[in-house]
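Proteins get letters first, then strands, A, B, ... in listed order; numbering begins at 1 in each. Because the structure is a prediction, the values reported are computed rather than measured.
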Protein chains: 2
Amino acid sequence: MVKLAIPRKAVYRLSLYQRSLQRLKANKVSTVSSAALAKAAGVKPTQLRKDLTYFGQFGTRGLGYDVEALSNKLVEALGTTRLQPVILVGVGNLGSALLHYQGFAKEGFEILAAFDIEPGKKHHFDIPVLPMGRMREFIRTKKIKMAVLSVPGTVSQEVANELVAAGIQGILNFSTIILQVPDGVVVNNVDLAMELENLSYFIR
Amino acid sequence: MVKLAIPRKAVYRLSLYQRSLQRLKANKVSTVSSAALAKAAGVKPTQLRKDLTYFGQFGTRGLGYDVEALSNKLVEALGTTRLQPVILVGVGNLGSALLHYQGFAKEGFEILAAFDIEPGKKHHFDIPVLPMGRMREFIRTKKIKMAVLSVPGTVSQEVANELVAAGIQGILNFSTIILQVPDGVVVNNVDLAMELENLSYFIR
DNA sequence: AATTGTGAATTGATTCACAGCT
DNA sequence: AGCTGTGAATCAATTCACAATT
């Protein structure tokens with residue numbers, strides 16, 4: 001499959017370009033050069049152009065890129081055309097924070113349900129908080145592919161195993177444990193404390 | 001400065017190793033091989049060993065690493081020995097979520113104060129939520145170096161400028177805008193929706 | 001005249017392979 | 001015998017430089 005030839009980081013940057021294009025579109029800008037778009041995304045112009053070549057040719061020499069058209073192509077390339085249903089597991093401090101967070105929905109992800117060992121901490125929100133016992137069945141019947149994992153590190157591997165067994169293929173992991181998962185399952189880690197630690201290293 | 005010779009990603013991994021070491025320490029394990037530690041951190045043994053050489057020699061050939069000693073060395077290398085005071089700007093959905101999040105404190109970061117245009121949304125917490133007008137002075141007098149930025153994208157650049165002007169050197173940016181900052185200021189971006197988008201690309 | 005698209009060159013990161021210690 | 005430390009080799013990503021196009 002050709003997709004595998006694309007550097008992983010290039011895919012991240014595609015999302016970045018997409019964000020900038022959305023803003024340009026909102027400002028009624030119809031055409032943009034690689035220089036301008038790259039600046040907005042915080043990369044070099046050549047890198048932007050190279051990234052785009054992994055997917056095709058979208059620009060007009062001498063002119064630049066059509067904002068609308070390029071945006072559409074990126075959406076298509078990223079596979080964010082249709083809505084992706086998602087579940088969240090672990091409604092603790094961080095988990096309930098994430099449930100309140102509007103940013104997911106804005107980019108086309110809908111959290112269908114949350115799961116917790118103690119679903120009594122239920123939300124005044126439209127998102128139902130269900131007991132862990134119902135998770136497997138939920139994933140199976142709704143054909144959920146992606147999960148946000150915000151349980152404590154002590155149980156995160158165990159829960160990840162359940163998720164995988166139920167058919168989850170992508171996990172956004174907020175625990176500080178590096179999950180061991182079989183091939184074919186993708187894990188993205190977000191470790192907030194680590195980001196701060198990293199910052200503190202680079203200031204001075 | 002020698003520090004600049006160290007790959008940026010190696011510093012991230014150092015935090016990862018540190019995490020695994022803490023767990024080993026908690027389990028009263030006193031010695032660990034590069035193979036075992038690398039597995040826990042999700043990297044290859046050679047990479048772990050190479051990463052460590054950027055900072056010095058810590059192991060004993062034929063034996064492995066002393067958990068306690070290596071952990072101490074990493075803490076020192078990462079500069080997380082003393083507590084780092086931090087401020088948070090933008091107490092919206094995500095911001096207030098982050099205020100509740102215990103993970104920062106656990107890794108030695110203390111959020112001294114939060115700032116918001118509408119500090120009336122004040123917290124029942126020990127962390128005071130102050131008006132933006134008092135931010136600059138606060139940063140200056142308390143000599144704060146790091147800030148968590150969770151304001152809406154529409155104002156994030158503007159607020160970042162203020163932070164930098166006041167003396168902030170490291171920003172953990174949760175807005176979806178790539179910040180333009182002068183040399184010497186470090187920005188780490190956390191974009192949750194983008195992480196999901198990225199996952200969704202790789203599943204299938 | 002301006003700007004893309006891209007092969008070639010460069011730079012950077014990872015992995016290998018094995019010498020060096022304990 | 002086992003495992004680290006590291007120079008050399010490999011692999012991957014970025015940037016350059018310029019031909020191609022409008």
- Message: Under 4.0 Å from OP1 or OP2 of C:dT14: is there any side-chain N or O of B:K9 that close?
- Response: yes
- Return no unless some side-chain N or O of B:R13 is found under 4.0 Å from OP1 or OP2 of C:dT14.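 Result: yes.
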Using atom [atom1] of [X] as one end and atom [atom2] of [N] as the other, report the distance to the nearest whole Å.
X     : N      : atom1 : atom2 : answer
B:R8  : C:dT14 : CZ    : C1'   : 19 Å
A:K44 : C:dT10 : NZ    : P     : 17 Å
A:Q47 : D:dA12 : CD    : P     : 17 Å

- Task: Go through the structure and list residues passing side-chain contact (heavy atoms from CB on, under 4.5 Å) with A:P85, not counting sequence neighbours.
- Result: A:L112, A:I144
- Message: So does A:V89 get a backbone contact from the side chain of A:S150, meaning a donor-acceptor N/O pair under 3.5 Å?
- Response: yes
Would the number of heavy atoms belonging to other residues, nucleotides or ligands and lying under 6.0 Å from [atom1] of [X] be above 12?
X      : atom1 : value
A:K145 : NZ    : no
A:K39  : NZ    : no
B:R8   : CZ    : yes

- Base, backbone or nothing for each nucleotide of nucleotides 1-8 of chain D, written B, S, -, heavy atoms under 4.0 angstrom, 5' to 3'? -BBBBBBB
- Please walk me through it: do B:S15 and A:E197 pass side-chain hydrogen bond (donor to acceptor under 3.5 Å, both in side chains)? CA-CA 7 Å; B:S15 296; A:E197 206 162 287; 2.9 Å; yes
